[in-house]
Colleague: 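I have a structure I would like to understand better, so I am pasting it below and will then ask my questions one at a time.
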Amino acid sequence: QVRLVESGGGLVQAGDSLRLSCTASGRTSAIYAMGWFRQAPGKEREFVATITWSIGRTYYAESVKDRFTISRDNAKNMAYLQMNSLKPDDTAVYYCGANYGNPSTARASGYSNWGQGTQVTVSS
(Lines give C-alpha, C1' and ligand atoms only; values in the text may rest on other atoms or scores of the structure.)
Protein backbone atom coordinates (compact mmCIF):
# COMPACT_ATOMS: atom_id res chain seq x y z
CA GLN A 1 0.00 0.00 0.00
CA VAL A 2 1.18 3.49 -0.88
CA ARG A 3 0.23 6.61 1.01
CA LEU A 4 0.01 9.85 -0.95
CA VAL A 5 0.02 13.40 0.38
CA GLU A 6 -0.52 16.44 -1.85
CA SER A 7 0.56 19.98 -1.09
CA GLY A 8 1.07 23.32 -2.80
CA GLY A 9 -2.46 24.44 -3.57
CA GLY A 10 -3.71 27.93 -2.92
CA LEU A 11 -5.54 31.01 -4.15
CA VAL A 12 -3.97 32.74 -7.14
CA GLN A 13 -4.96 35.14 -9.88
CA ALA A 14 -5.44 34.25 -13.53
CA GLY A 15 -2.09 34.04 -15.27
CA ASP A 16 -0.20 33.04 -12.12
CA SER A 17 1.70 29.80 -11.51
CA LEU A 18 1.59 27.12 -8.82
CA ARG A 19 3.56 23.95 -8.22
CA LEU A 20 1.81 21.02 -6.62
CA SER A 21 3.74 18.26 -4.89
CA CYS A 22 2.77 14.68 -4.11
CA THR A 23 4.79 12.68 -1.60
CA ALA A 24 4.55 8.91 -1.76
CA SER A 25 5.44 6.58 1.10
CA GLY A 26 5.14 2.86 1.69
CA ARG A 27 5.47 0.29 -1.10
CA THR A 28 6.57 2.78 -3.74
CA SER A 29 8.49 0.11 -5.68
CA ALA A 30 5.11 -1.16 -6.94
CA ILE A 31 4.17 2.13 -8.62
CA TYR A 32 3.97 2.05 -12.41
CA ALA A 33 2.70 5.59 -12.92
CA MET A 34 1.62 8.64 -10.98
CA GLY A 35 -1.25 10.79 -12.14
CA TRP A 36 -2.77 14.14 -11.35
CA PHE A 37 -6.53 14.53 -11.53
CA ARG A 38 -8.84 17.35 -10.52
CA GLN A 39 -12.42 17.64 -9.40
CA ALA A 40 -14.52 20.79 -9.45
CA PRO A 41 -17.76 21.06 -7.43
CA GLY A 42 -20.55 19.09 -9.06
CA LYS A 43 -18.23 17.54 -11.65
CA GLU A 44 -16.54 14.18 -12.06
CA ARG A 45 -12.86 13.66 -11.35
CA GLU A 46 -10.98 14.74 -14.48
CA PHE A 47 -7.63 13.56 -15.81
CA VAL A 48 -4.88 16.18 -15.89
CA ALA A 49 -1.52 14.47 -16.45
CA THR A 50 0.35 11.24 -15.84
CA ILE A 51 3.98 10.14 -15.72
CA THR A 52 5.45 6.66 -15.69
CA TRP A 53 7.56 6.12 -12.63
CA SER A 54 10.55 4.37 -14.22
CA ILE A 55 11.20 6.16 -17.52
CA GLY A 56 9.24 9.36 -17.00
CA ARG A 57 6.97 9.16 -20.04
CA THR A 58 4.27 11.82 -19.80
CA TYR A 59 0.78 12.37 -21.14
CA TYR A 60 -1.50 15.38 -20.70
CA ALA A 61 -5.11 16.35 -21.07
CA GLU A 62 -5.59 18.70 -24.00
CA SER A 63 -6.96 21.39 -21.68
CA VAL A 64 -3.63 21.70 -19.83
CA LYS A 65 -1.13 20.74 -22.50
CA ASP A 66 1.53 23.46 -22.98
CA ARG A 67 0.60 25.04 -19.61
CA PHE A 68 1.17 22.25 -17.10
CA THR A 69 4.23 20.04 -16.64
CA ILE A 70 4.32 16.81 -14.67
CA SER A 71 7.61 15.50 -13.30
CA ARG A 72 8.88 13.08 -10.67
CA ASP A 73 11.86 12.60 -8.41
CA ASN A 74 12.26 8.89 -7.81
CA ALA A 75 14.91 9.36 -5.14
CA LYS A 76 12.52 11.48 -3.08
CA ASN A 77 9.39 9.49 -4.04
CA MET A 78 7.72 12.67 -5.18
CA ALA A 79 5.67 13.79 -8.15
CA TYR A 80 5.09 17.39 -9.13
CA LEU A 81 2.67 19.38 -11.25
CA GLN A 82 3.95 22.75 -12.42
CA MET A 83 0.96 24.83 -13.46
CA ASN A 84 1.53 28.00 -15.48
CA SER A 85 -0.86 30.50 -17.05
CA LEU A 86 -3.61 29.41 -14.69
CA LYS A 87 -7.21 30.10 -15.65
CA PRO A 88 -10.39 30.29 -13.54
CA ASP A 89 -11.46 27.01 -15.20
CA ASP A 90 -8.50 25.32 -13.51
CA THR A 91 -10.17 25.85 -10.12
CA ALA A 92 -10.65 22.44 -8.48
CA VAL A 93 -9.36 20.06 -5.85
CA TYR A 94 -6.28 18.40 -7.28
CA TYR A 95 -5.51 14.78 -6.41
CA CYS A 96 -2.52 12.60 -7.10
CA GLY A 97 -3.00 8.92 -7.66
CA ALA A 98 -0.83 5.81 -7.88
CA ASN A 99 -1.19 3.33 -10.73
CA TYR A 100 0.24 -0.18 -10.27
CA GLY A 101 0.25 -1.31 -13.90
CA ASN A 102 -3.30 -0.70 -15.04
CA PRO A 103 -3.09 0.42 -18.70
CA SER A 104 -5.79 3.06 -18.10
CA THR A 105 -3.40 5.75 -16.94
CA ALA A 106 -5.70 8.54 -18.17
CA ARG A 107 -8.73 7.28 -16.26
CA ALA A 108 -9.41 7.59 -12.55
CA SER A 109 -10.40 3.92 -12.52
CA GLY A 110 -6.80 3.00 -13.34
CA TYR A 111 -5.55 4.33 -10.00
CA SER A 112 -5.73 2.43 -6.74
CA ASN A 113 -4.54 4.99 -4.22
CA TRP A 114 -5.34 8.66 -3.83
CA GLY A 115 -4.18 11.51 -1.66
CA GLN A 116 -6.52 13.76 0.27
CA GLY A 117 -6.37 16.49 -2.38
CA THR A 118 -5.24 20.11 -2.41
CA GLN A 119 -7.46 23.04 -3.35
CA VAL A 120 -6.48 25.29 -6.23
CA THR A 121 -8.55 28.43 -6.72
CA VAL A 122 -7.89 30.80 -9.62
CA SER A 123 -9.59 34.17 -9.51
CA SER A 124 -10.29 36.22 -12.62
Side-chain angles (χ1 to χ4, degrees):
Q1 191 79 349
V2 172
R3 181 171 179 260
L4 304 172
V5 179
E6 302 96 335
S7 62
L11 171 62
V12 297
Q13 293 187 331
D16 285 351
S17 298
L18 274 177
R19 189 176 84 149
L20 305 183
S21 299
C22 176
T23 304
S25 59
R27 196 164 167 256
T28 57
S29 60
I31 296 174
Y32 169 72
M34 294 288 286
W36 285 97
F37 287 72
R38 63 189 182 187
Q39 189 165 18
K43 295 189 177 181
E44 293 187 354
R45 193 166 294 192
E46 172 190 32
F47 170 72
V48 175
T50 185
I51 186 166
T52 57
W53 204 238
S54 60
I55 64 173
R57 184 173 64 236
T58 61
Y59 179 68
Y60 297 90
E62 282 298 318
S63 60
V64 306
K65 202 173 181 182
D66 299 328
R67 297 190 297 124
F68 291 9
T69 302
I70 189 171
S71 61
R72 91 272 189 246
D73 185 330
N74 297 70
K76 295 182 179 179
N77 288 326
M78 295 189 72
Y80 305 97
L81 185 68
Q82 177 66 43
M83 306 186 294
N84 298 330
S85 302
L86 283 162
K87 305 174 182 179
D89 284 349
D90 295 318
T91 295
V93 177
Y94 283 70
Y95 298 90
C96 67
N99 175 300
Y100 301 108
N102 189 306
S104 299
T105 54
R107 293 176 181 264
S109 59
Y111 293 77
S112 303
N113 287 98
W114 297 95
Q116 82 290 348
T118 186
Q119 176 71 47
V120 173
T121 303
V122 185
S123 63
S124 56

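The analysis underlying the following values was restricted to heavy atoms, covering all of them including side chains, and did not include hydrogens, waters or symmetry mates. Everything numeric here is computed off the predicted structure, so don't read it as measured data.
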Colleague: Do Y95 and L4 share a hydrophobic cluster (ILVMFWY, side-chain heavy atoms under 4.5 Å, transitive)?
Modeller: no

Colleague: How close do S17 and S85 get, counting heavy atoms only, and between which atoms?
Modeller: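 That closest heavy-atom pairing would be OG-N, 4.3 Å.
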
Colleague: Enter the distance from T58:OG1 to M34:CE here, rounded to the nearest 0.5 Å.
Modeller: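 Rounded to the nearest 0.5 Å, the OG1-CE separation comes to 15.0 Å.
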
Colleague: Nearest 0.5 Å, please: how far is CD in Q119 from CG in L11?
Modeller: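 One gets 9.5 Å once the value is rounded to the nearest 0.5 Å.
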
Colleague: So which of E6, Q82, M83 actually passes side-chain contact (heavy atoms from CB on, under 4.5 Å) with L20?
Modeller: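 It is M83; the other options fail the test.
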
Colleague: If you round to the nearest 0.5 Å, how far is CZ of R72 from CD1 of I55?
Modeller: 8.5 Å

Colleague: Looking at R67 and L86, what are the two nearest heavy atoms and their distance?
Modeller: NH1-CA, 3.9 Å

Colleague: If we ignore hydrogens and angles and just use 3.5 Å, is the side chain of N74 paired with the main-chain N or O of W53 as donor and acceptor?
Modeller: yes

Colleague: List the atom of N99, the atom of T105, and the distance in Å for their closest heavy-atom pair.
Modeller: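 Heavy-atom minimum between the residues: ND2-CG2, 3.7 Å.
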
Colleague: Should we count CD of Q116 as having more than 12 external heavy atoms under 6.0 Å?
Modeller: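 More than 12 heavy atoms, drawn from other residues, nucleotides or ligands, come within 6.0 Å of this atom.
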
Colleague: Give, for atom OH of Y111 and atom CH2 of W36, the distance between the pair rounded to the nearest 0.5 Å.
Modeller: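 Between atom OH of Y111 and atom CH2 of W36 there are 12.0 Å.
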
Colleague: I need the minimum non-hydrogen distance between V2 and A24, along with the two atoms involved.
Modeller: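 That would be CG1-CB, 4.0 Å.
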
Colleague: Could you walk me through whether T118 and S7 satisfy the side-chain contact (heavy atoms from CB on, under 4.5 Å) test, starting with their C-alpha distance in whole Å, then the side-chain angles of each, then the deciding distance to 0.1 Å, before giving a yes or no?
Modeller: CA-CA 6 Å; T118 186; S7 62; 5.7 Å; no

Colleague: Do I51 and Y59 come close enough that some side-chain heavy atom pair is under 4.5 Å?
Modeller: no

Colleague: Using a cut-off of 6.0 Å, state whether more than 12 heavy atoms not belonging to R107 lie near its atom CZ.
Modeller: no

Colleague: What are the two closest heavy atoms between P88 and A14, and how far apart are they?
Modeller: CD-CB, 4.1 Å

Colleague: State which residues pass ring-ring contact (aromatic ring centres under 6.0 Å, His included) with F68; sequence neighbours excluded, sorted by chain then number.
Modeller: none

Colleague: Evaluate the criterion side-chain contact (heavy atoms from CB on, under 4.5 Å) for residue pair R38 and V120; output intermediate values, then yes/no.
Modeller: CA-CA 9 Å; R38 63 189 182 187; V120 173; over 6 Å; no

Colleague: Roughly how far apart are C96 SG and L81 CG, rounded to 0.5 Å?
Modeller: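 If we round to the nearest 0.5 Å, C96:SG and L81:CG are 10.0 Å apart.
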
Colleague: With no hydrogens and no angle check, do the side chains of Y80 and D73 hold a donor and an acceptor under 3.5 Å apart?
Modeller: no

Colleague: At what distance, to the nearest 0.5 angstrom, does OG of S63 lie from NZ of K87?
Modeller: 8.0 Å

Colleague: Ring centroid separation for F37 and F47, is it under 6.0 angstrom?
Modeller: yes

Colleague: Apply side-chain contact (heavy atoms from CB on, under 4.5 Å) to residues T50 and Y32 and explain how you reach the verdict.
Modeller: CA-CA 10 Å; T50 185; Y32 169 72; over 6 Å; no

Colleague: Please check: side-chain N/O of D16 versus main-chain N/O of Q13, any donor-acceptor pairing under 3.5 Å?
Modeller: yes

